[in-house]
Amino acid sequence: MTEVPLGGKGLSGKLRVEIDAELLELALTHRSYAYEHGGIPHNERLEFLGDSVLGQAVTVMLFTTHPELDEGELAKRRASVVSTVALAEVARGIDLGSHLLLGRGEEQTGGRDKDSILADTMEAVIGATYLSAGPEAATKLVLRLTEPLLADPERYGAAMDPKTSLQELAARVGATPPQYSVEASGPDHDRRFTATVVVGDVSMSGNGSSKKTAEMAAALSAWRVLSDRA
C-alpha cells in the first residue's frame with residue numbers, strides 16, 4: 001500500500017483499518033478544496049455510500065442486541081447515532097478535522113470544526129473503508145466509532161434532540177433556561193449559521209448550514225458541559 005498523502009497521513013492508525021491512500025484522500029476532500037483546485041473529485045459520492053453503510057450497520061446492531069425494543073424506539077436510537085451532531089462528536093474523537101482538505105473560505109470560517117462538514121466527512125471515510133477493505137471492515141469501523149454513543153443511553157436523547165435535552169438538564173440542575181442567538185454569514189447560495197446558547201454560566205457556540213442545525217450543535221456542546229458537572 002502506498003503512503004497516505006496530504007490530509008490522510010496518520011489517520012489510518014487512528015481508524016485502525018487499512019484504507020487505500022487515494023480513496024482516503026478523496027474522502028477527506030471537501031468540495032470547497034476541489035473547486036479551488038480545478039474541479040478535482042470531492043467526497044460527496046463517498047459520503048452517499050458511507051451514509052448507507054452506516055445506517056445498515058447501526059440498524060442491524062440495534063435489532064440484534066435489543067430484542068426488547070419496539071420499532072419506534074429502535075428508530076429513535078438509530079436516528080440519534082447517525083445524526084449530524086452525533087457523527088461530528090465521533091469525528092472529533094479521532095481528530096478528523098485536522099486531516100480535512102478545505103478551501104480557503106471554509107478554512108477561514110472554522111470549517112475544521114463545523115458539525116456538518118465533520119459528519120459528512122465521517123460518512124465519506126466509512127464509504128472509503130467499504131470500497132477499500134470490504135463490508136465487514138466497514139461495519140466493524142462503524143460499530144467501533146459509535147460504541148461510546150451506544151453505551152451511554154443519555155446520549156441518545158442528547159444527540160437526537162439536544163435542545164430539549166439541554167432544557168431538561170438545565171431545569172434539573174437549577175440553571176437558567178437556555179437562551180439562543182444566531183448570526184448568519186456567507187452568500188445566499190451557501191449561508192452558514194453560528195448559534196450561541198447561554199444557560200446559567202455556560203456559553204457555547206455551534207455552526208451549521210441552517211439555524212436549526214447550528215442551535216442543535218450549540219445545545220449539544222452546552223449539554224456536555226452541564227452533564228459533566230451534574
Side-chain angles (χ1 to χ4, degrees), residues 7-8 11 15 24-36 41-55 58 78-129 142 145-146 148-149 155-156 158-166 180-197 204-224:
L11 184 59
L15 297 170
L24 181 56
E25 183 173 323
L26 178 60
L28 298 169
T29 302
H30 188 257
R31 66 175 180 271
S32 61
Y33 182 93
Y35 293 160
E36 289 183 9
H42 51 74
N43 65 7
E44 290 182 2
R45 279 176 54 83
L46 282 177
E47 175 196 337
F48 172 79
L49 174 61
D51 176 68
S52 179
V53 175
L54 170 70
V58 171
R78 178 181 60 192
S80 71
V81 175
V82 303
S83 69
T84 296
V85 286
L87 286 178
E89 182 175 359
V90 168
R92 290 187 182 97
I94 59 172
D95 192 28
L96 185 63
S98 67
H99 299 276
L100 300 178
L101 298 175
L102 298 175
R104 288 186 297 274
E106 287 292 354
E107 192 75 69
Q108 293 168 1
T109 57
R112 293 188 184 279
D113 196 45
K114 289 180 180 177
D115 279 12
S116 57
I117 292 179
L118 288 173
D120 290 348
T121 306
M122 193 72 258
E123 289 180 336
V125 168
I126 293 168
T129 302
V142 168
L145 292 176
T146 58
L149 290 172
R155 286 199 180 271
Y156 289 130
M160 183 171 59
D161 190 356
K163 293 183 69 175
T164 299
S165 296
L166 177 61
Y180 296 86
S181 60
V182 181
E183 295 182 356
S185 61
D188 289 342
H189 69 277
D190 190 23
R191 298 291 273 174
R192 305 299 306 179
F193 296 84
T194 300
T196 300
V197 61
M204 300 298 293
S205 295
N207 300 299
S209 57
S210 69
K211 177 182 176 181
K212 179 181 178 180
T213 56
E215 287 182 342
M216 288 174 63
L220 184 59
S221 294
W223 181 89
R224 292 190 196 113

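Sequential numbering from 1 along the given sequence is applied to the chain's residues.
- Atom CD of E44 has more than 12 heavy atoms from other residues, nucleotides or ligands within 6.0 Å.
- Under a cut-off of 6.0 angstrom, the local environment of CZ in R45 is sparse, with at most 12 non-hydrogen atoms contributed by other residues, nucleotides or ligands.
- Side-chain contact check for N43 and T29: no donor-acceptor pair (N or O, by modelled atom type) lies under 3.5 Å.
- Atom CG in L46 sits 11.0 Å away from atom CD in E123 (nearest 0.5 Å).
- S83 places a side-chain N or O within 3.5 Å of a backbone atom of S80 that can act as its donor or acceptor partner.
- Side-chain contact between L26 and P41: present, with at least one pair of heavy atoms (C-beta onward) separated by less than 4.5 Å.
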Checking side-chain contact (heavy atoms from CB on, under 4.5 Å) for the pair L102/I117: CA distance, chi angles, key distance, verdict? CA-CA 10 Å; L102 298 175; I117 292 179; 4.3 Å; yes
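- Between atom CG of residue L15 and atom CE of residue M122 there is a gap of 6.0 Å, rounded to the nearest 0.5 Å.
- A distance-only check finds a donor-acceptor pair linking the side chain of R92 to the backbone of D113 [under 3.5 Å].
- Note that CG of N207 is 8.0 Å distant from OG of S116, once rounded to the nearest 0.5 Å.
- If you take CD on E215 and OG on S181, they are separated by 9.0 Å, rounding to the nearest 0.5 Å.
- The 12-atom threshold is exceeded at CZ of R112, counting heavy atoms of other residues, nucleotides or ligands nearer than 6.0 Å.
- Looking only at side-chain heavy atoms (C-beta outward), L54 and L87 come within less than 4.5 Å of each other.
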Test log, rule side-chain contact (heavy atoms from CB on, under 4.5 Å), inputs T213 and T84: CA-CA 8 Å; T213 56; T84 296; 5.9 Å; no
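- Here the NE2-CG distance, from H42 to D120, works out to 11.5 Å after rounding to the nearest 0.5 Å.
- At a threshold of 4.5 Å between non-hydrogen side-chain atoms, the residues R31 and Y35 count as touching.
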Please assess K163 against V197 for the test side-chain contact (heavy atoms from CB on, under 4.5 Å), listing each intermediate value before the final yes or no. CA-CA 10 Å; K163 293 183 69 175; V197 61; over 6 Å; no
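- Heavy-atom minimum distance, A88 versus A119: N-CB, 4.2 Å.
- Using a 4.5 Å heavy-atom threshold, the side chains of M204 and R224 count as separate.
- Taken to the nearest 0.5 Å, the CG atom of L101 stands 9.5 Å off from the CD atom of E107.
- For the pair S221 (side chain) and A217 (backbone), a donor-acceptor distance under 3.5 Å is present.
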Quick one, V125 with L28, criterion side-chain contact (heavy atoms from CB on, under 4.5 Å). Give me CA distance, side-chain angles, the key distance, then yes/no. CA-CA 7 Å; V125 168; L28 298 169; 4.3 Å; yes
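- Considering only heavy atoms from C-beta on, T121 stays 4.5 Å or farther from H99 through its side chain.
- The minimum heavy-atom distance between A128 and A27, with the atom names listed, is CB-CB, 4.1 Å.
- When all heavy atoms are compared, the tightest approach of S32 to G103 is OG-N, 2.9 Å.
- Nearest heavy atoms, G206 versus A218: N-CB, 3.6 Å.
- Exactly one of K114, H30, R192 qualifies for a side-chain hydrogen bond (donor to acceptor under 3.5 Å, both in side chains) with E106. That residue is K114.
- The minimum heavy-atom distance between A184 and F193, with the atom names listed, is CB-CE2, 3.6 Å.
- Distance alone, capped at 3.5 Å, places no donor-acceptor pair between the T164 side chain and the D161 backbone.
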